[in-house]
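Here the structure is a predicted model, which is why all the values come from computation and not from measurement. First listed ligand is number 1; within each ligand, the first listed atom is number 1.
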Amino acid sequence: MNLILHPTAGLRGETDVPGDKSITHRALLLGALGDGPSRITGYLDGGDCRATMACLQALGVPIDVTENGRCPQRRDLIAVVQGVGLRGLQEPEEPLNCVRSGTSMRLLAGLLAGQPFYSVLTGEAQLRRRPMDRVVLPLRQMGGAGCARIWGRQDGRLPPLSILGGGLQGCEHILPVASAQVKSCILLAGLYAEGVTRVVEPGPSRDHTERMLRGRGIALTTEGLTHTLSGPADSLAALDTTVPGDFSSAAYLIVAGLLVPDSEICIRNVGINPTRTGLLDVLTQMGGAGCAGIVAENERDEGGEPVADLVVRAGELVATDVGGEVVPRMIDEFPILALAATQAQGTTRVRDAAELRVKESDRITAIVEGLRALGAQIEARPDGFDIHGPTTLQGADAVPHRGDHRLAMTWAVAGLIAHGETIVHDADCIADSFPGFVPRLSALTGASTGSVVVSGTEVAS
Ligand code: S3P
């Protein structure tokens with residue numbers, strides 16, 4: 001799929017976003033370990049979550065997907081996971097393929113470290129380049145002195161990982177970087193470990209695992225940035241869940257609404273868990289005199305997560321400094337923040353974000369490369385970047401996205417404000433996290449403007 005974009009004005013209308021990726025992964029994993037069936041309504045049918053689903057099926061967990069007849073528009077899919085209980089997984093016959101999903105690999109590594117069988121986790125080249133020592137080292141520590149039960153290429157730094165699980169001991173882990181994937185990996189292993197497992201984070205990463213474990217009967221405590229549970233757990237309750245819309249997907253539509261002149265849009269049913277919404281805080285600071293705006297309406301709680309409808313109006317932005325505790329709360333939103341910063345008055349400085357270098361791509365390099373192709377003024381820093389704005393962007397052919405869904409969506413939004421034509425080639429990776437991105441963006445521009453054109457496949461992808 002290639003996307004061809006032209007500048008537009010006046011995005012209008014109501015839309016929504018598919019289910020949250022992080023919550024869907026966890027609902028599948030915890031559903032698999034539950035005592036009985038769990039229904040996951042509005043789950044994300046994206047590439048990364050499909051990978052988790054297929055891995056769980058290969059571990060002997062039956063999962064069926066059905067259409068939600070009652071509400072076909074909004075919550076269109078339900079996954080029913082037939083939980084096999086904490087000790088009911090079966091040794092997989094083949095390597096488990098996590099495709100391009102770091103969350104699948106890191107969370108499954110924790111789960112599999114607790115299983116008394118052998119398993120291998122692998123994935124595509126993009127994933128096999130990503131660091132796994134951050135989960136391998138703590139899991140080895142839980143495996144007991146001198147007992148390396150988890151292996152990977154380059155002494156455990158890179159996938160594939162092979163795991164011979166069982167016999168875990170709880171211990172304390174002080175994380176060098178705030179990472180929900182690492183925290184969740186350790187907590188899942190902690191369900192199977194003897195004694196106390198404790199994770200101390202340097203900053204607030206997304207807390208869905210903690211919320212969901214508690215909701216399923218695990219006595220997990222959180223004091224500040226320290227999370228503690230005692231194992232081994234006897235059982236995990238099965239629980240039906242409704243997945244809120246993914247804030248990280250909404251971020252593209254929010255920034256489109258802010259940047260495209262004369263826009264006013266409403267994005268319904270978006271998860272606004274504060275460990276995810278750092279971008280809202282930063283964009284609010286950038287709203288300057290208050291012309292641009294994002295208003296959360298109809299705030300409510302759904303399935304243990306805060307949810308709201310977000311109304312976004314276009315307007316002027318001013319630059320800001322981004323660093324410190326907000327960084328893990330918006331770790332996936334830096335590409336789209338960078339685009340917003342190109343339109344802000346002044347220099348936006350991003351620091352403390354070296355983690356961006358080990359995402360689906362080196363996102364600092366990729367943001368600089370893509371924005372320069374569009375004519376922005378940006379300099380890379382070891383742990384972030386500086387962007388000088390506002391700049392009139394110029395459309396470009398083949399804006400590079402390195403197969404990274406978040407970059408591809410950022411350049412698509414850029415194409416709505418850049419002069420001339422912007423082409424994003426091979427944009428299928430968008431469906432890793434946001435299937436339905438293109439038709440939603442297209443609908444907001446108004447069907448007849450031709451601002452978003454897809455060549456090579458159907459608009460529904
Ligand atoms: C995720 C955590 C984040 C994020 C990723 C999803 C999760 O990674 O970048 O897209 O679901 O736990 P880190 O925890 O490694 O920062």
Heavy-atom pairs closer than 4.0 Å: do any link ligand 1 to the side chain of His208, the backbone, both, or neither? neither
I'd like to know if the side chain of Asp309 pairs up with that of Asn298 as donor and acceptor (distance under 3.5 Å, no hydrogens or angles considered). yes
Nearest protein heavy-atom contact for atom 10 (O) of ligand 1: which residue, which atom, what distance? Asp332 OD2, 2.8 Å
Where is the nearest protein heavy atom to atom 6 (C) of ligand 1: which residue, which atom, and how far? Thr103 OG1, 3.5 Å
Check the side chains of Asn273 and Arg329 for a donor-acceptor pair under 3.5 angstrom, ignoring hydrogens and angles. no
Under 3.5 Å: donor-acceptor pair, side chain of Ser38, backbone of Leu239: yes
If we ignore hydrogens and angles and just use 3.5 Å, is the side chain of Arg106 paired with the main-chain N or O of Gly102 as donor and acceptor? no
What about Ala180: any of its N or O atoms under 3.5 Å from an N or O on ligand 1? yes
Looking only at N/O atoms, are Lys359 and ligand 1 under 3.5 Å apart anywhere? yes
Which atoms of ligand 1 are found less than 4.0 Å from any heavy atom of Ser179? 13 (P), 14 (O), 15 (O)
Is the contact between Arg26 and ligand 1 made by the side chain, the backbone, both, or neither, using heavy atoms and a 4.0 Å cut-off? side chain
Residue portion contacting ligand 1 (non-hydrogen atoms closer than 4.0 Å) for Arg206: side chain
Polar contact flag, side-chain donor to acceptor under 3.5 angstrom, Thr222-Glu210: no
So does Ile378 get a backbone contact from the side chain of Arg372, meaning a donor-acceptor N/O pair under 3.5 Å? yes
Sole candidate of Arg130, Arg129, Arg406 that passes salt bridge (Lys or Arg N to Asp or Glu O under 4.0 Å) when paired with Glu360: Arg130
Tell me whether the count of non-hydrogen atoms from other residues, nucleotides or ligands lying under 6.0 Å of CG in Asp155 goes above 12. no
protein heavy-atom neighbour closest to atom 11 (O) of ligand 1 works out as Ser22 OG, 2.7 Å
Backbone or side-chain N or O of Arg134 under 3.5 Å from ligand 1 N or O: no
Could you tell me which atoms of ligand 1, counted from 1 in the order shown, lie closer than 4.0 angstrom to a heavy atom of Ile331? 9 (O)
